[in-house]
Amino acid sequence: MDMSLQSVLQSRLAMAAERAGIDASRASVTPVTDIRFGDYQSNVAMVLSKELKKNPREVASSILSYLEVQDLCEPPTIAGAGFINFKVLNTALSDAVNAIRLDEQLGVVMAPHSKTIIIDFSSPNVAKPMHVGHIRSTILGDSLARISRHLGHRVITDNHIGDWGTQFGKVIYGWKHLLNREALEKGPIAELVRLYREVNALEENDPSLRETVRHELVKLQQGDPDNLKIWEQAVALSWKEFERLYGLLDITFDERLGESFYNDALAPLVERLLVDGTAEISEGAVCIFFKDNPALEEKPCLIRKGDGGFLYATTDLATLEYREKRWKPDSVWYVTGAPQQLHFEQVFAAGRRMGVKTDLSHIAFGSILGEDRKMMKTRSGENVELGGLLAEAIERALSVVAEKNPDLPKGEQEKIARMIGLGAVKYADLMQHRLTDYVFSWEKMLSFQGNTAPYLQNAYVRIRSIFRKGDSEGVNVSLSPIMISDPAERALALKILKFGETLHSVMEDQRPNLLCLYLYELADTFHHFYEACPILKSDGEIRSSRLALADLTAKVLQTGLSLLGIGVPERM
RNA sequence: GCACCCGUAGCUCAAUUGGAUAGAGCGCUUCCCUCCGAAGGAAGAGGUUGUGAGUUCGACCCUCGCCGGGUGCACCA
């Protein structure tokens with residue numbers, strides 16, 4: 001499968017335009033906005049009429065006079081201001097859907113140039129629990145990685161965890177004086193957090209302690225063996241808990257190079273930039289100024305503090321250099337929240353100053369809000385922990401499954417509940433435009449109605465149940481060629497053909513919400529088909545054709561959801 | 001003060017990147033289970049796309065000015 005129906009029409013149109021002596025490079029064909037106009041439409045004539053200084057309808061008609069598509073559709077028409085409309089023949093539509101059925105990629109065309117893309121996401125902090133703040137980065141980053149890979153790109157996912165912060169002064173002091181071994185084994189991160197808080201409180205009461213705690217941090221940074229050992233254990237214990245959550249979410253990383261990995265590179269990097277004149281000292285700090293960039297003119301990028309310490313940006317630049325050298329990427333995507341935009345503008349500008357040519361993107365996203373429309377927090381004002389949140393999602397899903405399907409064995413109910421609960425959390429996040437803040441609502445994300453994961457999973461389950469039913473009743477459920485004739489079949493077939501294009505449009509702006517929208521429309525279109533066209537109750541070729549169409553729909557649903565990191569159960 | 005993001009139906013959000021009469025879900029009003037899962041479907045009400053100009057065949061989308069909300073802005077990450 002190398003050409004979709006849409007792209008065939010597009011290239012025919014381009015050929016016709018060329019013969020008409022018109023620049024054909026921008027000839028594009030898209031699905032119609034309204035079924036009354038046919039199946040596909042093109043607005044080339046209107047786009048080009050401006051520069052040709054001709055009437056758009058005239059341009060359209062001159063293109064049409066050279067257009068040969070009689071094997072694919074009815075004679076194209078000119079409508080409105082100069083749209084060219086296509087109504088695909090049932091035979092051509094049937095052929096196109098049958099081709100997709102036999103294609104492992106379901107009609108998805110590989111990206112013409114495979115790129116190396118590094119995706120930097122999730123990045124929790126050691127000795128702290130993962131919380132809602134990490135949800136979007138983790139889910140969005142994972143989905144983008146899956147989609148990029150599916151389109152044939154070489155993807156490197158890297159979890160740049162915060163394993164080298166100032167918090168370690170407190171953690172180490174606490175470890176030495178206040179550690180509860182038993183608690184550490186039961187819940188490592190909870191115990192590390194307790195140590196951190198307790199030391200914090202002690203410092204409040206006894207400011208003289210502050211110096212001692214700071215000294216523990218300095219010792220760590222200077223390589224003190226005892227402190228290093230404590231640090232290593234804290235990192236390892238934290239990783240264990242992170243991995244449990246990633247396992248639950250079915251998310252993996254190719255690399256896990258945290259901030260500490262770049263420690264040794266920081267001092268030489270700053271020195272080098274000072275020597276070659278990229279950076280300069282200002283008010284005691286080492287800065288990179290951007291005098292040629294009006295937006296950043298007064299926003300220098302600080303890479304070393306007055307006291308000699310390094311900053312967030314320093315590590316990011318060292319990381320960027322390392323990645324350049326090791327992977328020679330075409331793109332690096334940083335999946336972090338919108339508030340960090342200025343920071344990345346500075347880092348990217350500094351990177352370019354250092355000669356980095358790679359395409360660097362900040363894949364920004366909005367915040368998760370509580371029902372009160374303020375940043376989501378617990379009642380006591382703390383961050384909501386991811387582990388607890390996922391557990392609650394599964395628990396809520398389980399009670400729904402147990403209620404609706406009490407006959408299923410307990411073990412299967414739990415398995416299904418995991419898919420529904422985790423799918424709901426992921427989908428609620430991904431279905432929205434990434435830049436808008438979104439309001440977290442259990443009720444909405446777990447609803448079986450509307451644009452939710454459970455609704456889509458249910459559409460899949462419903463199709464599977466047709467086959468189970470057919471099997472049990474001895475109906476022949478073998479699949480034979482799809483023959484499109486009914487309007488509901490046409491609509492479903494056209495929607496299925498749109499799958500590949502949708503994935504490419506997601507990549508244009510890193511927006512999985514377009515895939516969510518597509519899958520929802522697909523499920524919706526299937527339900528129309530399901531109402532209008534009896535499947536098991538029809539006979540012969542029509543039944544096997546409709547079964548095949550339903551089966552193909554299920555495959556696209558399953559594949560699409562898997563690209564969002566969401567699984568489908570066989571029943572629910 | 002400056003910069004960035006966002007203002008779309010009562011609520012939560014879309015809109016194929018400048019295309020045809022701005023679409024869904026929730027909620028509301030009516031219908032449809034002797035019929036493949038009603039966990040579904042059909043129909044209806046609901047809009048000056050914050051606001052005022054501009055650009056053009058055509059604007060939710062692009063430009064400029066306002067209004068309202070959020071976030072960030074030199075030694076945290």
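Throughout, protein chains are lettered first and strands after them, A, B, ... in sequence-line order, and every chain is numbered starting at 1.
Residues from residues 120-130 of chain A placing a heavy atom under 4.0 Å of any atom in RNA chain B do not occur. Within residues 34-43 of chain A, the residues having any heavy atom under 4.0 Å from RNA chain B are, by residue number, A/Arg36, A/Phe37, A/Gln41, A/Asn43.
Where stacking is scored as ring centres under 5.5 Å apart with planes under 30°, A/Tyr530 does not register as stacked on the base of B/rG40.
For A/Asp23, the side chain to side chain donor-acceptor pair (under 3.5 Å) criterion is met by A/Ser25, not counting sequence neighbours.
Applying the 4.0 Å criterion to OP1 and OP2 of B/rG40, one finds that A/His528 has every side-chain N and O outside that range. Note on A/Asn85: every side-chain N or O is 4.0 Å or more away from OP1 and OP2 of B/rA20. OP1 and OP2 of B/rC57 both lie 4.0 Å or more from every side-chain N or O belonging to A/Arg57.
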Give me, pair by pair, the N or O atoms of the protein and of nucleotides 58-62 of chain B that are less than 3.5 Å apart, along with how far apart they are.
unit_1	atom_1	unit_2	atom_2	d
B/rG58	O6	A/Lys50	NZ	3.3

All N/O pairs under 3.5 Å across the protein-nucleotides 71-73 of chain B interface:
unit_1	atom_1	unit_2	atom_2	d
B/rC73	O2'	A/Lys299	NZ	2.6

Could you run down the sub-3.5 Å N/O contacts of the protein with nucleotides 6-12 of chain B?
unit_1	atom_1	unit_2	atom_2	d
B/rU12	OP1	A/Arg373	NH1	3.0
B/rU12	O4'	A/Lys444	NZ	3.4

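In this structure, A/Gly306 reaches the bases: a heavy-atom distance under 4.0 Å links it to at least one base atom across the strands shown.
Candidate nucleotides B/rC36, B/rA74, B/rC76 were compared by shortest atom distance to the side chain of A/Ile466, and B/rC36 ranks first. For A/Leu311, the side-chain atoms get nearest to B/rC75 when compared with the rest of B/rA74, B/rG19, B/rC75.
Of all nucleotides present, none satisfies the Watson-Crick or G-U wobble test against B/rC76 with each distance under 3.5 Å. As the counterpart of B/rA38, no nucleotide is assigned, since no Watson-Crick or G-U wobble pattern has both distances under 3.5 Å.
Salt bridge annotation for A/Arg136-A/Asp429: present, with a cationic side-chain nitrogen under 4.0 angstrom from a carboxylate oxygen.
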